[in-house]
Amino acid sequence: MLHDSQVRTCSPQGRFAAGAARLAGTALVSTDAHGKHLFHGYRTPDGEPLWLHVHLGLYGRFSAGDPPAPPPVGQVRLRWRTDRCYLDLRGPAACHLVTPDEKVDLHARLGPDPLRPDADPSPAGDRMSRSRVPVGQLLMDQSVIAGVGAAYRAEVLFRLEIDPHCPGRSLDRATWLAIWKDLRELMAYGVRAGRIDTVRPEHTPEAMGRPPRVDRHGGEVYVYRRASLPCLVCGTPVRAGVLAARNLYWCPRCQS
DNA sequence: TAAGTATGTTAAG
DNA sequence: TTAACCTACTTAC
């Protein structure tokens, strides 16, 4: 949307005023994402490259619209404007300009991202196979595998009938590769659809004659945020707990 | 009006 | 292991 356009940037909130000033008048020439980290590559009129690093964290959001951009509502950290659109960023955990070296360092701290076509699942599989840490915790470790969060963790483990508490090293290689393959498909779908849907066709609301999910996160899922509700497969109440400092949901019957 | 919640990460203790 | 960060929205009172 912003690609190849010269952008006008500002920080209505003021917390990124210096960065917005440096970006003003640059053109977006590339984008890159690794896990939950987003990078914008800009080029100044002088030809100087600038990288913007954004991480939405827990509350960050983008919102976009057609020009003219309305007066900013709430805490807008960074606003972009081009002739064709505007884009607002609120509440990010990170919004900084970084050097190419700093960008390299960030990539080095992250494991393979199932959404990147060149990603190699082997190092993550090696980490799993050597670790006594629960698989539900390893999947949240961004240095093991990048991009999985609490929702995909819960859903992929349900789909493969794996107890989130079982040690990583109790999974064999084929099981790890099945997790990786399922994550690739689920996450690629999520990018296309703009929401997280993980239920198989036979468990959709239409197929089961149940009402669609009412949840502000949208998306049809098996266990995520379904604590105490009946498992869509076996009817056992979905259990909830905390693992890796995030809410965990699982079916004690299907995943044992 | 206040309290609680959230697809997250980092640093301090 | 806990708290801090940060924003918008929902629910409780």
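These numbers come from the heavy atoms of this one structure, side chains and all, not from hydrogens, waters or symmetry mates.
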What integer distance in Å separates [X]:[atom1] from [N]:[atom2]?
X         : N       : atom1 : atom2 : value
Arg90(A)  : dC5(C)  : CZ    : C1'   : 19 Å
Met140(A) : dG8(B)  : CE    : C1'   : 8 Å
Asp88(A)  : dT7(C)  : CG    : C1'   : 14 Å
His96(A)  : dT10(B) : NE2   : P     : 10 Å
Leu248(A) : dA6(B)  : CG    : P     : 13 Å
Asn247(A) : dG4(B)  : CG    : C1'   : 12 Å
Arg225(A) : dT10(C) : CZ    : P     : 11 Å
Arg226(A) : dT7(B)  : CZ    : C1'   : 17 Å

Is [X] touching bases, backbone alone, or none of the nucleic acid, heavy atoms closer than 4.0 Å?
X         : answer
Ala93(A)  : nothing
Gly74(A)  : sugar-phosphate
Arg153(A) : nothing
Tyr152(A) : nothing
Arg195(A) : nothing

Under 4.0 Å between a side-chain N/O of [X] and OP1 or OP2 of [N], yes or no?
X         : N       : answer
Arg109(A) : dT10(B) : yes
Gln142(A) : dT9(B)  : yes
Lys36(A)  : dT7(B)  : no

[X] side chain, from C-beta outward: closest of [options]:
X         : options                : result
His55(A)  : dT9(B), dT7(B), dA8(C) : dT9(B)
Ala151(A) : dA6(B), dT7(B), dT7(C) : dT7(B)
Ile196(A) : dT9(B), dT7(C), dT7(B) : dT7(B)
Gln75(A)  : dT7(C), dT9(B), dT5(B) : dT7(C)
Ala150(A) : dT5(B), dT7(C), dG8(B) : dG8(B)

Review point. Paired with dG13(B) by Watson-Crick or G-U wobble geometry, both distances under 3.5 Å: which nucleotide is it?
Key: none
Review point. For Gly91(A) and Ala245(A), take the nucleotide of DNA chain C holding the closest heavy atom to each; which residue's nucleotide lies nearer the 5' end?
Key: Ala245(A)
Revision key, fill the gap. Comparing nearest nucleotides in DNA chain C, the 5'-proximal residue of the pair Arg61(A), Leu58(A) is Leu58(A)
**Study point:** Pairwise P distance for dT5(B) and dC13(C), with rounding to whole Å
**Key:** 12 Å
Review point. Mind checking the P distance from dT7(B) to dT11(C)? Whole angstroms is fine.
Key: 16 Å
Check your understanding: Around Arg61(A), counting heavy atoms of other residues, nucleotides and ligands shown, do more than 12 lie under 6.0 Å from its CZ?
Key -> no
**Study point:** Side chain proximity check, Tyr224(A) to Ile196(A), heavy atoms < 4.5 angstrom
**Key:** no
Point to revise | Sidechain-backbone polar pair: Trp176(A) side chain, Pro121(A) backbone, donor-acceptor under 3.5 Å | key: yes
Review point. Among the clusters formed by ILVMFWY side chains lying less than 4.5 Å apart, do Leu186(A) and Val144(A) turn up in the same one?
Key: yes
Check your understanding: Would you call the rings of His203(A) and Tyr222(A) parallel, tilted or perpendicular if under 30° counts as parallel and over 60° as perpendicular?
Key -> perpendicular
Check your understanding: For the salt bridge (charged side-chain N to carboxylate O under 4.0 Å, His left out) test, which of Arg225(A), Arg210(A), Arg213(A) pairs with Glu220(A)?
Key -> Arg210(A)
